[in-house]
Protein chains: 2
Amino acid sequence: MQSGTHTHVPSMVSAALPDPVPAEEYERCPVTDVLHRVGDKWSILIVVLLGKRPHRYNELHRGIATISQRMLTRTLRALEADGLVHREVFPTNPPSVEYRLTPLGRSLLTPLSALADWAVAHHPEIEAARAEHLPVQNEPRQ
Amino acid sequence: MQSGTHTHVPSMVSAALPDPVPAEEYERCPVTDVLHRVGDKWSILIVVLLGKRPHRYNELHRGIATISQRMLTRTLRALEADGLVHREVFPTNPPSVEYRLTPLGRSLLTPLSALADWAVAHHPEIEAARAEHLPVQNEPRQ
DNA sequence: CGGTATCCCAGTTGATACTG
DNA sequence: CAGTATCAACTGGGATACCG
């Protein structure tokens, strides 16, 4: 279940990061920046849900089950600020607000799916590795 | 400047996440799990550096510039526990320790590069979107 | 319905000092 | 060289209550 179409060393990952990484380079590294955004507790989940279809606020709230209103709002605001999600208010009564992915947000689904596929495929190996390292967790290293 | 080869909805991202996401599903989601690991402050940076070639401890320390010894060690231990990085001690004097990616770690470089390419390509759009949303940052929403 | 405003805790990160 | 130990600071996230 591996691609096989390209097994060579990735392109821009290395290119974006010069060998000695100075402090300034790190701060503005796009890769790190994006990973920090998408790597928080709820962003990917929301992006994936919105990838299926637009959702209203409480629809997302019910959809995720364990997220607090505070974090749902904060995460949506952050995604909106980054231009990944569009928020539209319909002046109905009661008011309704719809969230949907922007074209930029939809374009993120593609590389995200590559990582998701990797995660699904290799999660057993990771779990196995963790299980092996647990026994020596608190041992001093030689 | 988009791929065009596949504009459909990604495969396993949706598949791994059923529409109403119950609490238990979230906890064990491989995608979220991997993203949390790789999404921390230093992991990707280290993985990318080790993707170029093996590095010794202080070589990484000098290479990254702003990382503390504590966080370098902790991040390396975490990557090692997940089976992404291999640590080898050479009994020289003074001692030397070499870190390199495992095959699993190297396989992560491929999907990571897809995300990295996306990040590099679309970072300007993200920055632009942020710049537009900053002025209304503290305004109450209608 | 779709949010804000507070308060608070747990976990993450950093600074500094010390060691086999 | 390759780390550990300790403490302090910062931040993400949750609980609860309230609002237009």
Side-chain angles (χ1 to χ4, degrees), chain A residues 23 26-27 32-33 35-46 49-50 54-81 85-100 136-142, chain B residues 23 26-27 32-33 35-46 49-50 54-81 85-100 136-142:
Chain A
Y26 171 78
E27 303 300 332
T32 306
D33 186 27
L35 256 295
H36 282 167
R37 283 316 215 136
V38 162
D40 73 356
K41 196 167 181 182
W42 303 109
S43 289
I44 347 123
L45 199 48
I46 291 176
L49 285 185
L50 294 183
H55 284 68
R56 291 178 58 178
Y57 182 85
N58 274 342
E59 205 174 359
L60 286 170
H61 198 194
R62 281 188 303 271
I64 298 187
T66 53
I67 195 173
S68 64
Q69 277 190 318
R70 175 186 145 92
M71 286 315 295
L72 178 55
T73 303
R74 277 182 52 113
T75 306
L76 285 169
R77 293 283 184 275
L79 293 171
E80 191 191 358
V85 162
H86 177 74
R87 173 181 182 269
E88 187 166 2
V89 182
F90 297 98
T92 57
N93 192 320
S96 70
V97 178
E98 188 179 272
Y99 292 93
R100 77 172 80 97
V136 287
Q137 195 178 27
N138 283 340
E139 301 279 321
R141 310 296 286 256
Q142 63 154 327
Chain B
Y26 173 77
E27 303 298 333
T32 306
D33 185 27
L35 256 295
H36 282 167
R37 283 314 217 135
V38 161
D40 74 356
K41 197 167 180 182
W42 303 108
S43 288
I44 347 121
L45 199 48
I46 291 175
L49 285 185
L50 294 183
H55 284 68
R56 292 179 57 180
Y57 181 86
N58 273 341
E59 205 174 359
L60 286 170
H61 198 194
R62 281 188 303 272
I64 297 186
T66 53
I67 195 173
S68 63
Q69 277 189 317
R70 177 186 145 90
M71 287 315 296
L72 178 55
T73 302
R74 278 183 53 113
T75 307
L76 285 169
R77 293 283 184 273
L79 293 171
E80 191 190 357
V85 162
H86 177 73
R87 174 181 182 268
E88 187 165 4
V89 182
F90 297 97
T92 57
N93 191 320
S96 70
V97 178
E98 188 180 271
Y99 293 92
R100 76 173 80 98
V136 286
Q137 193 179 30
N138 284 339
E139 301 279 322
R141 309 297 288 255
Q142 63 153 326

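Each chain gets a letter, A, B and so on, in the order its sequence line appears, and its residues count up from 1.
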Can you find a side chain N or O atom of A:K41 that sits less than 4.0 Å from OP1 or OP2 on D:dG14? yes
In whole Å, what is the span from the NE2 atom of B:H36 to the P atom of C:dT12? 11 Å
Can you check whether B:R56 has a side-chain N or O nearer than 4.0 Å to OP1 or OP2 of D:dA2? yes
Out of D:dG3, C:dG20, C:dG2, whichever nucleotide has its closest atom nearest the side chain of B:P95: C:dG20
Using side-chain contact (heavy atoms from CB on, under 4.5 Å), reason through A:T66 and A:W42 one step at a time and then give a plain yes or no. CA-CA 10 Å; A:T66 53; A:W42 303 109; 3.4 Å; yes
Round to a whole Å and report the spacing from CD1 of A:I64 to P of D:dG13. 13 Å
Which nucleotide in the list D:dT4, C:dG2, D:dC1 gets nearest to the side chain of B:P94? D:dC1
Please compare B:I67 and A:R70 by the position of their nearest nucleotide in DNA chain C and report the one closer to 5'. A:R70
Side chains of A:I67 and A:H61 in contact at under 4.5 Å (non-hydrogen atoms): yes
For B:Y99 and D:dG3, is the shortest distance between a side-chain N/O and OP1 or OP2 below 4.0 Å? yes
Per A:S96 side chain, nearest of listed nucleotides C:dG20, C:dG2, C:dT4: C:dG2
Here the distance between atom P of C:dC8 and atom CE of A:M71, to the nearest Å, is 19 Å
Report the C-alpha separation of A:L76 and A:Y57 in whole Å, then their side-chain angles, then the decisive distance to 0.1 Å, and conclude whether the side-chain contact (heavy atoms from CB on, under 4.5 Å) test is met. CA-CA 9 Å; A:L76 285 169; A:Y57 182 85; 4.1 Å; yes
Assert: residue with more 5' nearest nucleotide on DNA chain C, out of B:R74 and B:Q69, is B:R74
Can you tell me if the side-chain N/O atoms of B:R77 get under 4.0 Å from OP1 or OP2 in D:dA2? no
What is the distance from CG of A:N93 to P of C:dG2, rounded to the nearest Å? 12 Å
Starting at atom NE2 of A:H55, determine the distance to atom P of C:dC1, rounded to an integer number of angstrom. 16 Å
Expressed as a whole number of angstroms, how long is the span from A:Y57:OH to D:dG20:C1'? 15 Å
Using a 4.0 Å heavy-atom cut-off, does B:F90 contact any base of the nucleic acid, only the sugar-phosphate backbone, or nothing at all? nothing
For B:L76 and C:dT13, give me the distance from atom CG to atom P, rounded to whole Å. 14 Å
Test side-chain contact (heavy atoms from CB on, under 4.5 Å) applied to B:K41 and A:H36, step by step: CA-CA 7 Å; B:K41 197 167 180 182; A:H36 282 167; 4.3 Å; yes
Taking all heavy atoms of B:D40 and all of B:S43, pick out the closest pair and write down the distance. OD1-OG, 2.7 Å
Starting at CZ of A:R37 and ending at P of D:dT11, how long is that distance when rounded to a whole Å? 14 Å
